[in-house]
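Beneath this line is the structure, given in structure tokens, with notes to follow.
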Amino acid sequence: MKVKYFAWVRERVGKAEETIEPPATVHTVEELIAWLSGRSEAYAYAFEKPKVIRAAIDHAHVKSDAAIAGAREIAFFPPMTGG
Amino acid sequence: MTSPVTPCPVTIRIQQDDFDIAREIAVLTGSRTDIGAVVSFCGICRADEGSAKISALTLEHYPGMAEEEIQRRADEATSRWPLNGVTIIHRVGRFIPGQNIVLVLTASQHRQAAFQAAEFLMDYLKTNAPFWKKEESASGTGWVEAQARDDEAAARWTRS
């Protein structure tokens with residue numbers, strides 16, 4: 001699946017998007033964040049406060065317990081500050 | 001109140017270029033004579049943020065999702081209020097104080113629906129549309145933090 005990062009999450013991870021293949025044991029957004037955090041210090045820094053991170057699956061907001069099965073694109077970003 | 005069977009065109013644009021409010025209102029109303037109220041909200045880059053002086057603001061967005069999220073909110077607005085037209089333009093890029101950032105236009109037969117829908121749309125744009133602001137000031141650059149008061153403003157529209 002494709003993963004996108006925005007704002008300071010993107011800056012901390014060091015890339016805007018990538019394709020990942022998480023193990024089958026990763027079922028939810030929350031578990032995906034935990035798995036990503038274990039990849040490197042940069043990811044751990046980006047996701048150091050997982051409750052602050054917002055997520056979207058296929059362009060729609062989701063909660064941290066949302067299932068990632070079948071997702072084409074998952075995005076992680078800080079709380080939004082538009083308008 | 002009569003049922004809202006009048007056409008309600010919705011225009012959503014995310015662009016770098018500036019917008020002309022008068023022109024957008026003219027496009028929205030056109031030659032129609034059923035519109036009795038147009039409310040416009042224009043968000044502008046502000047120099048003062050608390051005690052800090054902002055020299056510039058950079059707006060980043062999530063292409064694709066931003067348009068879809070705004071469309072979902074616009075659809076909700078048109079189902080909740082008898083609107084005759086909605087225009088939402090959000091700019092992205094780097095702005096200096098005084099420059100336009102966002103425009104929301106709502107048209108209706110009467111002012112109440114137009115006022116409420118404009119406020120509803122702005123409250124959601126602030127908290128749910130995937131845009132992020134980065135500030136530049138004398139002390140450096142930093143991402144703008146979300147405000148609890150914006151979340152509270154958006155929450156009051158949630159139907160129980």
Side-chain angles (χ1 to χ4, degrees), chain A residues 1-20 28-30 32-33 36-37 41-83, chain B residues 12 14 41-46 49 54 57-73 88-93 95 100-104 118-135 141-151 153-154:
Chain A
M1 64 184 68
K2 189 189 269 188
V3 185
K4 290 189 172 184
Y5 310 103
F6 293 93
W8 54 254
V9 177
R10 168 177 52 74
E11 290 183 344
R12 290 182 181 190
V13 167
K15 59 183 97 170
E17 64 175 84
E18 63 183 322
T19 300
I20 59 165
T28 66
V29 166
E30 206 168 16
L32 182 59
I33 287 176
L36 285 167
S37 299
E41 277 186 25
Y43 289 93
Y45 178 42
F47 295 109
E48 66 179 353
K49 290 177 185 161
K51 283 187 168 30
V52 174
I53 304 294
R54 305 298 162 90
I57 293 181
D58 296 336
H59 293 175
H61 292 295
V62 293
K63 293 204 161 53
S64 60
D65 60 357
I68 62 168
R72 290 188 307 277
E73 185 173 299
I74 300 187
F76 293 106
F77 42 81
M80 293 144 281
T81 54
Chain B
I12 294 165
I14 295 171
F41 174 87
C42 180
I44 301 164
C45 180
R46 179 181 64 227
E49 193 59 55
I54 304 304
L57 211 51
T58 299
L59 259 293
E60 172 180 333
H61 77 303
Y62 181 177
M65 179 175 172
E67 292 85 346
E68 289 175 32
E69 183 61 26
I70 295 172
Q71 182 69 55
R72 281 191 283 269
R73 297 305 173 186
I88 299 170
I89 302 173
H90 205 308
R91 296 180 68 193
V92 291
F95 306 105
N100 294 330
I101 295 178
V102 62
L103 177 69
V104 170
E119 206 169 2
F120 165 86
L121 288 166
M122 269 315 300
D123 285 345
Y124 272 105
L125 279 178
K126 288 288 231 190
T127 55
N128 276 64
F131 291 84
W132 300 273
K133 291 192 184 100
K134 196 174 197 178
E135 286 174 349
T141 65
W143 292 96
V144 174
E145 283 196 39
Q147 302 283 337
R149 63 169 185 265
D150 289 331
D151 286 327

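Naming: A, B, ... by sequence-line order, numbering from 1 per chain.
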Applying side-chain hydrogen bond (donor to acceptor under 3.5 Å, both in side chains), name anything that partners A/Glu30, two or more places apart in sequence or on another chain. none
Atom pair [atom1]/[atom2] of [X] and [Y] - distance to nearest 0.5 Å:
X: A/Ile57; Y: A/Ile74; atom1: CD1; atom2: CD1; value: 4.5 Å
X: A/Leu36; Y: A/Glu18; atom1: CG; atom2: CD; value: 7.0 Å
X: A/Asp58; Y: A/Glu73; atom1: CG; atom2: CD; value: 7.0 Å

What about the rings of B/Tyr62 and B/Phe131, do their centers lie closer together than 6.0 Å? no
Contacts of residues 5-17 of chain A with chain B (heavy atom under 4.5 Å): A/Phe6, A/Ala7, A/Trp8, A/Arg10, A/Glu11
Spell out the residues in residues 60-69 of chain A that have some non-hydrogen atom less than 4.5 Å away from a non-hydrogen atom of chain B, in order of number; otherwise answer 'none'. A/Ala60, A/His61
Who pairs with A/Tyr43 by ring pair (Phe, Tyr, Trp, His ring centres under 6.0 Å), at least two apart in sequence or on another chain? none
Might you work through the side-chain contact (heavy atoms from CB on, under 4.5 Å) test for B/Gln147 and A/Thr81, ending with a clear yes or no? CA-CA 8 Å; B/Gln147 302 283 337; A/Thr81 54; over 6 Å; no
Between chain A and each of B/Glu67, B/Arg91, B/His61, B/Arg72, count heavy-atom pairs under 4.5 Å; write down the option with the most. B/Arg72
Could you tell me which non-hydrogen atom of [X] sits nearest to which non-hydrogen atom of [Y], and how far apart they are?
X: A/Ala55; Y: A/Phe77; value: C-CZ, 4.3 Å
X: B/Val102; Y: A/Gly83; value: CG1-C, 3.6 Å
X: A/Met80; Y: B/Thr127; value: CE-O, 3.2 Å

Looking at B/Glu60 and B/Lys134, does any basic side-chain N land under 4.0 Å from a carboxylate oxygen? no
Please flag which part of B/Asp123 lies under 4.5 Å from any non-hydrogen atom of chain A: side chain, backbone, both or neither. neither
With respect to chain B, which residue among A/Pro79, A/Ala56, A/Pro78 yields the maximal number of heavy-atom pairs within a distance under 4.5 Å? A/Pro78
